[in-house]
Engineer: 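Dropping the structure in here first, questions after.
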Amino acid sequence: MGASSTLLMVSHGHCLLCFSCLVTLIAHFESHLKPFLFFLSISLSLSFRRLSVSVLMGLRLPSKVLEHIISFIDANEDRNSVSLVCKSWFETERRTRRKVFVGNCYAVTPAAVARRFPKMRSLTLKGKPHFADYNLVPDGWGGYAWPWIEAMAAKTPSLEEVRLKRMVVTDECLEKIAASFKDFKVLVLTSCEGFSTDGLAAIAATCRNLRELELRECIVEDLGGDWLSYFPETLTSLVSLDFSCLDSEVKLSDLERLVSRSPNLKSLKLNRAVALDGLESLLRRAPQLVELGTGSFSDDLDQEALSKLAKAFAALKQLKCLSGLWDVLPEYIPLLYSVCPRLTSLNLSYATVQMPDLVDLLSRCSKLQKLWVMDLIEDKGLKAVASCCKELRELRVFPSGADLDETDVALTEQGLVSVSEGCPKLESVLYFCVQFTNTALVTIARNRPNFRCFRLCVMEPFAPDYRTQKPLDEGFKAIVERCKDLQRLSVSGLLTDKAFEYIGKHAKKLGMLSVAFAGDSDLMLHHLLSGCESLKKLEIRDCPFGDAALLENAAKLETMRSLWMSSCFVSFDACKILSQKMPRLNVEVIDEHPPETRPESSPVERIYIYRTVAGPRLDMPEFVWTIHKTPEIGVSNLAIKHCCGRFTFHTLYLISILFPLRC
Amino acid sequence: MEGGSASGSASTLSNDENLVVSCEDSSSPGENELELGLTLSIGRKGYRDCRVSHGDDSSSSSSSSLSRANVIAGVKRTADSMAATSGQVVGWPPIRTYRMNSMVNQAKTLAMEDPNTEISNKKNVTDATKMRSSMFVKVTMDGTPIGRKIDLNAHKCYESLSNTLEDMFLKPKPGSSTRETDGHMETRLKILPDGSSGLVLTYQDKEGDWMLVGDVPWGMFIDSVRRLRIMKTSEATGSAQMIL
């Protein structure tokens, strides 16, 4: 009866859920409970957090009912709120949470997570800081998946899905996954490293119900293409396969057979080694594909092969996402025309398509929502995109060559201005450009106040507005002033402290900020830490601020997930003070030289600060230094187990929390 | 996991003056290796090639405050002293390793001894002989401020190269591949410098010399070309005489 309508309302926020759920359930209960429940439902519909515990104390909501209600809540943010209401809600919530997300693998121990969520079905973990993508985090820093896999294998063997980002995954991890989780279904590794194709073979051979195996931009030791042949003939459950980052050729016949026996296959992303004739035979076997990543698109094909391939593409009636297209020859672009009208996502960032072929292709993609392309598109091409792709939501323009001193390229700020003018739904941008102007930024902000994510990379460090030679402060001011919903921002170009004052003042919803080669002084950091209320991740490189702002705003750091600073002017002294002042922060100094050998005031190379309830980590390499919370122990890069004596780690940690030492 | 606990009491900022004073102190860090990420890595295990060197740095010893000018000088000095076109400063521009490797493959002709190939070769670089890869070179035309890029591996002969270049530079609008030859332009105008169009196509080879396009077999041309330039015939005659 009302149950189904209740379920529908679940998706629209926990407040509505509670009210309607409870109102529906009230009808079924004993009449003497009705007034209690009605009162409860009204208070709940106002806000979880304002609910006073005393109301609930006198109330015995059957735990089965509570469990049933809470099991409808999907979003982890809402579940986190639910778990704070009172002890019994905490207990009920934790027993019903199936999808666990840990944004920083060192913020909490694997054992604690496994203990808290016994019914976990899906685990998502992130390891290294974002700047690891750009080689700023030395090899061996950490982010190991093994302790997590080991803990889950022991405590939550019903785990089905593992999604890891920027972590070190070994073949042992993959073998352990295959051996321990009987119903394992989904493995998605993004920007991971440390494993070889042997590990993949283990997954392929053992996971009988595997649905998704995706390797997104991982660094894999490629020992050959045999791993694909380990998928047993009985495996028919595959929905998604992405091996685009591998080099070796897989056996085409095995791949064909795998595709043929996977009727649910929706997403297939091939690696570069799969040639065009292979592509044709695969497409013939999988016309139901929704996402396709081609291999290399450049063989010499005769007329017959070409028409067969064209037919195969035309048969892809459900195709929405297209990527790959390595080395695509201009004369093959028309093969794609038949799928263009339905495409919502197109990744040409590895495809060497130039103008005017790009325009011919994009002008047919009227439903396009996501476009990744290289700067070969030039301003002209972006103008065409602005007029043809009215549904565009996300645009990324990557450089095609990393020349820093190219000032005569045909992609300028004008391209982004055109797109901001012509695409009303545009909300996410990543744009690499050699130089920019304030006027352009102001225009863009005026055109498109609905940006959620704005990442501009002016490739020349300290590049001012090239028309006025002024800093880009005013331009970014316009962006943060107008785009009230901005959640992610990357700034670049010449910027003074003023820019950060504007960001601190206006960017109230900003969650992640990336800064490089900017600012004049400590004020810059101070503005950010004291102004941006929602800031969760801050990463800074090569900026001239020092200790003062960091120490002034120490409390802020516990409200954030992490702070990365490299090549700034923070001294080791400040790191020590900060670490001892804030017991729930790990302050990691990543430095080639032992910090004690530096003069106290000299800056350290890199600092990574993150909040944690797990204490200092135990797997640090020789170049990561963490400061112990008890000053006598001082600095070491090895675990506390050195100096613990009779105390276990946990006891010592608890002591340091309960009896904070005064510095 | 922590619910949204507020950030506690506002940080007790004594007064702006104090902050400014301490700023001045901390922004003059004193003499030491502060090249903002441009110091040499000593190749310690696990710490290799995370930094990029540009030799002794006079900026660190002279002024104690690292002004922006010094850093610019530092960055540009690195740019000059390194022949490589990518990765002069570590991790800049911020492009993922995976994508950088693809670009290294594409920009093969432009990159020389790239010290950062150590980083990029964490992943096996694709075997170019097995798969065709792109070779982008810059093309500039006298009188046009904006340069273009063209993929030489997409062409197998001078004629197709010439056609593409004409499309790029001489047509006012980007057209489709089928188009009529314009009245006063000839298809092979750039390859055969017969002076009828006033333009001639030249290229800069590995040694840095400017040569006329079309003299050598295509394969030899591909091996040695670094960049292209469309010159006015009058200029070319002068420089051609110098070369030949």
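Chain letters run A, B, ... following the sequence lines, proteins first and then strands; every chain starts at 1.
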Engineer: Using non-hydrogen atoms only, which part of A/E217 is less than 4.5 Å away from chain B: side chain, backbone, both, or neither?
Structural biologist: both

Engineer: Counting only non-hydrogen atoms closer than 4.5 Å, does A/F131 touch chain B with its backbone (N, CA, C, O), its side chain (CB onward), both, or neither?
Structural biologist: neither

Engineer: So which atom in A/D133 and which in B/R96 form the shortest heavy-atom distance, rounded to 0.1 Å?
Structural biologist: OD2-NE, 3.2 Å

Engineer: For A/N135 and B/T97, which heavy atoms make the closest approach, and how far apart are they?
Structural biologist: OD1-OG1, 3.7 Å

Engineer: What pair of heavy atoms forms the shortest contact from A/F432 to B/P93, and how long is it?
Structural biologist: CE2-CB, 4.1 Å

Engineer: Which atom names give the shortest non-hydrogen contact between B/K156 and A/D300, and what distance separates them?
Structural biologist: NZ-OD1, 4.4 Å

Engineer: Under the ring-ring contact (aromatic ring centres under 6.0 Å, His included) rule, collect the residues that match up with B/Y203, sequence neighbours excluded.
Structural biologist: B/F221

Engineer: Please check this pair: side chain of B/W92 against backbone of A/M459, looking for a donor-acceptor N/O pair closer than 3.5 Å.
Structural biologist: yes

Engineer: Checking A/H527 now: which residues fulfil ring-ring contact (aromatic ring centres under 6.0 Å, His included) with it, not counting sequence neighbours?
Structural biologist: none

Engineer: Looking at every non-hydrogen atom in both residues, tell me the closest pair between B/G91 and A/R541 and how far apart they are.
Structural biologist: O-NH1, 3.2 Å

Engineer: For A/E533, is it the side chain, the backbone, both, or neither that has a heavy atom closer than 4.5 Å to a heavy atom of chain B?
Structural biologist: neither

Engineer: Checking A/S490 against chain B: side chain, backbone, both or neither under 4.5 Å from a heavy atom?
Structural biologist: neither

Engineer: Which atoms of A/L376 come close to chain B, meaning under 4.5 Å heavy atom to heavy atom: side chain ones, backbone ones, both, or neither?
Structural biologist: side chain

